[in-house]
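Heads up, the thing below is written out as structure tokens.
This one's a predicted model, so the numbers in the text were calculated from it and none came from an experiment. Each chain gets a letter, A, B and so on, in the order its sequence line appears, and its residues count up from 1. No hydrogens, no waters, no symmetry mates; every other heavy atom, side chains included, goes into these values.
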Protein chains: 2
Amino acid sequence: MSRTDELRMMFRVAHLYHECQLKQADISQQLHMSQAKVSRLLKRAEVEGVVRVSINVPRGTYPQLEDGLRQQYGLNEAIIAECYEDRDEPILSAIGSAAAHYIETTLGEREVIGVSSWSTSLLRTVDAIRPSKHLKAERVVQIVGGIGNPSVQTHATQMVTRLAALTGAEPQLLPARGVVSSPAAQKVMVGDTYVRAALDQFKRLTIALVGIGALRPSAIFANSGSAFSDEEIDGAARSGAVGESSLRFFDSEGKPVRGPLDDRVIGITLDELKSVRRVIGVAGGQQKVEAIRACMKGKLINVLVTDRFTAEKLL
Amino acid sequence: MSRTDELRMMFRVAHLYHECQLKQADISQQLHMSQAKVSRLLKRAEVEGVVRVSINVPRGTYPQLEDGLRQQYGLNEAIIAECYEDRDEPILSAIGSAAAHYIETTLGEREVIGVSSWSTSLLRTVDAIRPSKHLKAERVVQIVGGIGNPSVQTHATQMVTRLAALTGAEPQLLPARGVVSSPAAQKVMVGDTYVRAALDQFKRLTIALVGIGALRPSAIFANSGSAFSDEEIDGAARSGAVGESSLRFFDSEGKPVRGPLDDRVIGITLDELKSVRRVIGVAGGQQKVEAIRACMKGKLINVLVTDRFTAEKLL
DNA sequence: TACACGGATGAATAAAAATTCATAGCGGTG
DNA sequence: CACCGCTATGAATTTTTATTCATCCGTGTA
């Protein structure tokens, strides 16, 4: 049996299989051979390049970038949204939809979702999730207290409530301000039954949904006013902080930056966050690049949803 | 869920499946979705052109020609051997090997093989079959008597015997000359027990292996001398014959050409041949083109083994 | 607003394909 | 020549994949 005969057979089988859509069993009959042989010929046809499978990158998707991010930062998943302009509003819109879609399609049935409620990206994400009977979760937990003026706090509450409603889950609000005036005040708040109940859910989280912020310029810090003062942020920066997530600061390697502020924040810690199976970071934009990079380096998140401009800068 | 998100998913799944060689089940886990969804995405990826399967024609094979022959003449199978020169000897060598390989790989276990023993192509074919334990048949039947001088007759006998030995089958010789001197002589021979026994096998044949000959120039007719006289061949030609197989003449449409010679031939008739499930014609060469074409038109064969030059002329 | 249709969905299942297994043959070596 | 390692083989089996099925949901229509 010469090489040519073998190649001829590979082609013949491959043709019948891939182009004529015949079953291996039919081919084996037609060609008077065993199904096992057909299977083996098909495999060899692929190995030897008689059959080649090519995958086209669909327009508007960036698998190379995604792969680059996954590889370079050890992410479980990277999702890059198509976006036509490198400005905050289009980016928010794009990553919001993308994150929403990701959540819609990958949410398990018994998940306990933690939401760092005050990020604009997350707001957009939750807004973009469309109701669906298939979307089910067990519980939605607010993982940082509210910040700023009461209207923003309400917004936060609504977000958790809404996500819970969308997924038929139990909402678990964290009825406290994210930043309180003193360590003593924090101790008091943490003693509260309802606050305690929320905090106790942290170790049960199967998913955490977090935003990522640069120290400045920070829309959140600026707008909502009273989260941290400029001086406090300067202090964190001097300790090496390059970004924050859930009101917790981290340095350029993603290591938590300890500081006096930690004792005045009511919410999940970065270490607690790291122990959650799936931490989804939703963030994009020129100013946030370094914060996102650090966050990934420190494995604070394992899924990133971002836009293509930010992705390019991260690589 | 936007179109882009869908395409992204298709790509992602296709990549993991085709390039990373993951099972659908693994992918479904990794991507947090059901295996059914992965399967459906893969199918859609192919339909929508995200995944493309291309089949390369290996050098030295001629699937287009084969396909052309199959289609144009309604063959079950066409096998075209690689061949570098359009001369008889290289062609015989090529098609002999190819036919041998075809038989080796497609012979069933319980087949009854008829062999039209006096064709050079078939001689080369049988010679090229290599012994193999897997090659098994029930019976090998000589379907035309011997022709010409005794040494050629012996050759014929050896061929049947050899093929039987190669396949562990019972040899069934046809102990008679292919062409006898008169209808009366034919009647006598057919009355012979052993001749009868061979003829009786014809309806049990599951495969027939036949050569195809042009009326002239005919190496066989010329060399072996006494098959038919020039005058007899002229007569057949005048009745419309353009070729013969197993000493039976057919016209340009492959219809049997009846004539006085029929009653002097001991061997299978073309009608008997047509009722065999698999009739493999092994032939090639400039002079035989029209005979082969006719043979196929008349469905006298359903498998053709030839060389690429002949194939091109046939199309 | 009610209702039917088309299209998704995942669990279960049927179908198809890959692999295991037990042999057997080939070619090279002692 | 006997032995070994290698490869090929088809039947049986396991594994993997596609499809069925029962539901559900969103949407267009009366």
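Nearest heavy-atom pair across A:Met296 and A:Leu75 is SD-CD1, 3.6 Å. Shortest non-hydrogen contact noted between B:Ala14 and B:Val51 is CB-CG2, 3.3 Å.
The CZ atom of A:Arg44 sits 15 Å away from the P atom of C:dT19 (whole-angstrom rounding). A:Met33 has its CE atom 13 Å from the C1' atom of D:dA8, to the nearest Å. Taking atom NZ of residue A:Lys37 and atom P of nucleotide D:dT7, one finds them 17 Å apart after rounding to whole Å. One atom, NZ of B:Lys23, and another, P of C:dA17, lie 15 Å apart when rounded to the nearest Å. Nucleotide D:dA8 holds its P atom 11 Å from the CG atom of A:Leu41, rounded to whole Å. Between the P atom of D:dT16 and the NE2 atom of B:His18 lies a distance of 16 Å, rounded to the nearest Å. Taking atom CD on A:Gln21 and atom P on C:dA15, their separation rounds to 19 Å, with Å as the unit. If you take CD of B:Glu104 and P of D:dA8, they are 15 Å apart, rounded to a whole angstrom.
At a cut-off of 3.5 Å, with distance as the only test, a side-chain donor of B:Thr106 or B:Arg278 sits close to an acceptor on the other residue.
The side chain of A:Lys43 contributes an N or O atom lying less than 4.0 Å from OP1 or OP2 of C:dT19. Between A:Tyr17 and the phosphate of C:dA17, there is a side-chain N or O to OP1/OP2 separation shorter than 4.0 Å.
Side-chain atoms of B:Arg40 come within donor-acceptor range of the base of D:dT20, with a qualifying N/O pair under 3.5 Å. No donor-acceptor contact under 3.5 Å links the side chain of A:Gln24 to the base of C:dA18. The base of D:dA18 sits within donor-acceptor range of the side chain of B:Gln35, with an N or O pair under 3.5 Å.
To the nearest 0.5 Å, the span separating NZ on A:Lys274 from CG on A:Asn302 amounts to 11.0 Å.
If A:Ala36 and B:Ser34 are placed on DNA chain C by their nearest nucleotide, the residue sitting closer to the 5' end is B:Ser34.
With contacts defined as side-chain heavy-atom distances shorter than 4.5 Å, the pair A:Gln30/A:Leu16 qualifies.
Checked against C:dA11, C:dA17, D:dA18, the side chain of B:Ser39 finds its nearest nucleotide in D:dA18.
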